[in-house]
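Notes for the one structure printed next.
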Amino acid sequence: MNLQRKPIITGNWKMNQKISEAIELVNGLKRELYDEEGIEIVICPPYTALSELGESLQDSNIQLGAQDLFWESSGAYTGEVSASMLKDVGCRYVIIGHSERRHYLGETNEMVAKKVRRALDEKLIPIVCVGERLEEREEGKTFEVVKDHLANGLSLVKKEEIHEVVIAYEPVWAIGTGKNATAGQAEEVHAFIRKLLGDVFDKTAAARVRIQYGGSVKPENIAELMEEEDVNGALVGGASLTIEGFSQIVKRAHIRVS
Ligand code: 13P
């Protein structure tokens, strides 16, 4: 781990937690994590719980993020939510281009690029997801796919902005399968991502970018992953849905910070 980059652990709740459940989970996390410092803690609940949790997280060390946004600022876009609406309820982060959106909802790199642009314009920090499917890894196309996601998904980002973007490397075969990438496999791709960002944007700025690993992160594997130089945090799905799971992940990631 590199201490220049403040580690960031994000919980992606996906399509889970009604408001009452969300409040219970957040109350537990606030209780368990109130004294955690040196690590950024973010939760991304579903849209319906954002407003309530935005209030509950005021003055806490846990920050709020959304799981998506729309690239236009307002207007006739049924079902969509704008960046300014997210800020209005207290969001500071937004996940963009998650593989579930790419695969179930046809989200393209071009859509990702426009969403990233809007997030930056509105001073939301985008967490941009990239990663290969199992068949792509088996065909030796991992780097090609990650490069395509990055080069095209970040095509509207300016050189002076890249250090603000968080990248999440999430190999699709590791998501929700219980089969995480090894620390070595994660580091290999994270190092590739950092080099690519350096080549496309700027080396100094790329050195500041935080790259999260996502895919079956659990309390049992977080410490090993965080030992890697270019693993600067995690994007956690299933294990972020329990107080014990998420708080243990933050604490064990944190142990490696000190
Ligand atoms: P799991 O942690 O459930 O594998 O999900 C990872 C993920 O998709 C986070 O965005």
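Whatever order the structure lists ligands and atoms in, that order sets their numbers, starting from 1. What you see is a predicted model; the values in this text were computed from it and never measured.
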### Task
Have a look at ligand 1 and work out which part of N12, if any, has a heavy atom under 4.0 Å from it: side chain, backbone, both or neither.
side chain

### Query
Nearest protein heavy atom to atom 5 (O) of ligand 1, by residue and atom, and its distance?
K14 NZ, 3.3 Å

### Message
Can a side-chain donor-acceptor contact be found between Y213 and Q185 if the only test is distance below 3.5 angstrom?
### Response
no

### Protein heavy atom at shortest distance from atom 9 (C) of ligand 1
E170 OE2, 2.8 Å

### Task
Please examine the side chains of K195 and D199, heavy atoms only from C-beta on, and report whether any two atoms are closer than 4.5 Å.
yes

### Query
Relative to the heavy atoms of G176, which atoms of ligand 1 are at a distance of less than 4.0 Å?
1 (P), 3 (O), 4 (O)

### Task
Tell me which protein heavy atom sits closest to atom 2 (O) of ligand 1, plus the residue, atom name and distance to 0.1 Å.
G237 N, 2.9 Å

### Task
Give a yes or no answer on whether the side chain of N61 reaches the backbone of L33 with a donor-acceptor pair at less than 3.5 Å.
yes

### Message
Between E107 and K115, does any NZ, NE, NH1 or NH2 come within less than 4.0 Å of an OD or OE carboxylate oxygen?
### Response
yes

### Task
Could you label the plane-to-plane angle of the F192 and F143 rings as parallel, tilted or perpendicular, counting under 30° as parallel and over 60° as perpendicular?
tilted

### Query
In terms of side-chain heavy atoms, does N232 have a donor or acceptor partner in R194 at a distance below 3.5 Å?
yes

### Message
Out of H98, E100, K179, K218, who is nearest to atom 10 (O) of ligand 1 when you count heavy atoms only?
### Response
H98

### Task
For G238, counting its heavy atoms only, list the atoms of ligand 1 lying under 4.0 Å from any of them.
1 (P), 2 (O), 3 (O)

### Query
Just which atoms of ligand 1 are under 4.0 Å from any heavy atom in G215?
4 (O), 6 (C)

### Salt-bridge contact E229-R5 (side-chain N to carboxylate O under 4.0 Å)
yes

### Query
Contact between A239 and ligand 1, counting heavy atoms under 4.0 Å?
no

### Query
Any idea which atoms of ligand 1 are less than 4.0 Å away from a heavy-atom of L235?
9 (C), 10 (O)

### Message
Using heavy atoms and a 4.0 Å limit, tell me yes or no: is S216 in contact with ligand 1?
### Response
yes

### Query
Does A174 approach ligand 1 within less than 4.0 angstrom via side chain, backbone, both or neither, non-hydrogen atoms only?
backbone

### Task
Tell me yes or no: between the side chains of E122 and S84, is some donor less than 3.5 Å from an acceptor?
no

